[in-house]
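Working notes, structure below.
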Amino acid sequence: MLLNEEKLILNFSLFNNWEEKYEYLIELGEDICFIDPEKKTSKHLIQGCQSKVWLDFEFKNDKLYFYGDSDALISKGLVALIIELYSGNSPKDILTHQDNFFEKINLKEHLSMTRSNGLSMMIKKIKKYAYEQLNKNG
Amino acid sequence: MTGEEIRNCFPYFKSNKKSIYFDSAATTHKPQSVIDTIISFYQKYNSNIHRSMNKAATIATQKFENSRSLVKELLNAEHSSEIVFTNGATDSINLVAQSFLKKQIKKNDIILISETEHHSNLVPWQQLALETGAKIDFLPIRADLLVDTDKIKAKINDKVKLISTHHISSISGGKQNIEKIIKIARSLNIPILIDGAQAIAHTPIDVKELDCDFYCFSGHKLFGPTGTGILYSKSRHLDGFIPYKFGGGMVDNVGLHENSFSELPHRLEAGTPNISGVIGLGEAVNFVKSVGFSVIQEIETSLAEKFNHELSKVDDCVLVGSGPRSAPIFTFNIEGIHHYDLASLLSEYNICTRSGHLCSQPMIEMCGLSGAVRASLSIYNNEEEIENFMVILKKAISFLKR
């Protein structure tokens, strides 16, 4: 299990309906670990989303830390959630993590892994960063 | 038929009582008669057509070819052989690009389209231009996002080998003056293709009167099955089509090293076709005939007026394309709200719309937007749904703006 996974699952279990979940997501987005505005370039843009989503990372003390932003509220909440989930973990833990987190927080029925919300592409990108770091550092 | 009688023909609404379906420009629902026809094919006479000599195959072949006659009548084409079955409007446009235009277009020749085409009427031409060294040029567009017919001639020279544009816009619902565009193309002897994807369910088509060279549409936007489409082509062009898909069903004699193609239109329909789909499409044409375009247009005009009136009361709403509509299609943004957020919330309230660049990225960018929300209605929608939609729209807006 990743560092903040249990806490996030607990938080989402407190909500009774999608409105509350969306409100929470939007609040998460307000406190997102912002990507450096200068890095909001095509290099850090997640392709294929209906909204613009940028994602960057930093590797320090053997852990990966992520930074992002989006021009849409819900996407921004999603990036913030993903950052919260994966940041502070080792590349190996990120790569071996089972992708059933969204089922556990009952968000999958609302935000299906379609191309339109880019969720799966954000996760792919995070795993790609983790894979690259793992290979770089043996 | 009344609006309520029409709605009752569509089982989707019985299974989805809480849903508001405003995404008919993406695909329409299917009447029970179309669904029954498809089931009946598999249950009663499933077989391959134009090949097997058995009773089931004879029925299937007759029904398949009857669909061709029904489409011929729907479009008022001269002959059934001018109707080619494809798997959709995109496939039809690719067929014209690859089988008709490719053999005659050279480096620096021009394919004339508009910046307001959806991707299906842009990407096949981009690909052909890449393959042949030809260029794409764009018809001038007016403020209402339709082709400026007064300025077409300035774009035409002897390099232009084909004009292709849409009949009704998938973004604004506006109708092009295709009569005038075709007349200009005809007078200059340039072949013209009309992409009828968004027109076919909303307005009667008479290809003889229009005098266009090609007309195409998708079956699934005409209450028919997905994976079916039509290319109408004038016989004189079709004769010169060089097939670009090869295999069974499109040949008469096959030796180990050579073969001879079948007659038209079969030589352009290689492989076992979507038999149940095509037969279902024939039934969809029957359905449209039974409703009639005068009723369709009466219902849709009334729905569009109501929707427009109600939407005008929503604060900060900006419509894309403001001209008169020939289809109840509304593309809009709410200032200060991202289209993705709005569509996500509408979806949670069981409202089906579409958002994003709507498969018309150049047009959306031309309008200075990153995307928009599209609500597209059809004959099975009603005024109550419009009223409920507006209540939910305002609720979603206040959720996102607080």
Side-chain angles (χ1 to χ4, degrees), chain A residues 12 15-32 34-35 40-42 44-55 68-82 102 105-122, chain B residues 16 18-19 23 25-27 118-119 123 170-171 316 320 331-365 367-375 391-402:
Chain A
F12 271 94
F15 307 127
N16 298 313
N17 51 44
W18 67 262
E19 282 99 334
E20 290 177 1
K21 284 182 187 174
Y22 272 51
E23 274 172 16
Y24 178 61
L25 262 186
I26 292 171
E27 277 170 26
L28 275 178
E30 286 166 5
D31 297 326
I32 191 170
F34 273 112
I35 183 171
K40 283 190 184 178
T41 58
S42 56
H44 297 101
L45 197 65
I46 308 274
Q47 293 297 329
C49 308
Q50 279 195 12
S51 52
K52 281 186 178 150
V53 175
W54 298 271
L55 193 71
D69 199 5
S70 172
D71 60 348
L73 287 179
I74 296 168
S75 306
K76 196 172 179 171
L78 279 176
V79 195
L81 176 63
I82 298 237
F102 285 91
I105 60 171
N106 287 321
L107 209 60
K108 208 171 176 180
E109 59 182 292
H110 302 292
L111 297 159
S112 60
M113 298 286 212
T114 59
R115 283 189 293 175
S116 58
N117 64 34
L119 201 55
S120 57
M121 277 166 290
M122 290 181 214
Chain B
N16 295 277
K18 286 185 180 167
S19 156
D23 200 15
T27 195
H118 67 154
H119 296 164
V123 180
S170 59
I171 305 289
D316 303 325
V320 182
T331 300
F332 61 92
N333 272 303
I334 305 295
E335 273 177 35
I337 292 183
H338 198 285
H339 51 88
Y340 167 76
D341 288 330
L342 186 57
S344 300
L345 254 72
L346 291 175
S347 163
E348 294 297 344
Y349 285 109
N350 285 317
I351 294 183
C352 305
T353 57
R354 187 156 168 209
S355 65
H357 54 57
L358 310 170
C359 283
S360 299
Q361 204 171 342
M363 178 178 179
I364 289 291
E365 284 170 6
C367 297
L369 302 169
S370 67
V373 175
R374 181 181 70 189
V391 170
I392 292 167
L393 177 64
K394 287 172 194 163
K395 220 169 150 178
I397 292 169
S398 67
F399 183 98
L400 291 165
K401 278 201 167 172
R402 69 185 153 180

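Lettering of chains follows the sequences in order, A, B, ..., and the numbering in each one begins at 1. These values consider heavy atoms only, across backbone and side chains, with no hydrogens, waters or symmetry-generated copies.
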Seminar exercise, completed: Turns out that what part of L400(B) lies under 4.5 Å from chain A's heavy atoms comes down to both
Problem set entry | Atom NZ of K394(B) with >12 non-hydrogen neighbours under 6.0 angstrom | yes
For this session: Heavy atoms only: give me the nearest S75(A)-Y340(B) pair and the separation to one decimal.
Result: OG-CE2, 3.0 Å
Exercise. Closest approach of H338(B) and Q50(A), non-hydrogen atoms and distance?
Worked result: CE1-O, 3.8 Å
Exercise. Counting only N and O atoms by type, is there a donor-acceptor contact under 3.5 Å from the side chain of E348(B) to the main-chain atoms of W18(A)?
Worked result: no
State the [atom1]-[atom2] distance between [X] and [Y], to the nearest 0.5 angstrom.
{"X": "D71(A)", "Y": "H339(B)", "atom1": "CG", "atom2": "NE2", "answer": "7.0 Å"}
{"X": "L342(B)", "Y": "I74(A)", "atom1": "CG", "atom2": "CD1", "answer": "9.0 Å"}
{"X": "E19(A)", "Y": "Y349(B)", "atom1": "CD", "atom2": "OH", "answer": "5.0 Å"}

Exercise. Heavy atoms, side chains only, cut-off 4.5 Å: are F399(B) and I26(A) in contact?
Worked result: yes
Exercise. Does the side chain of S370(B) reach to within under 4.5 Å of the side chain of K52(A), using non-hydrogen atoms?
Worked result: no
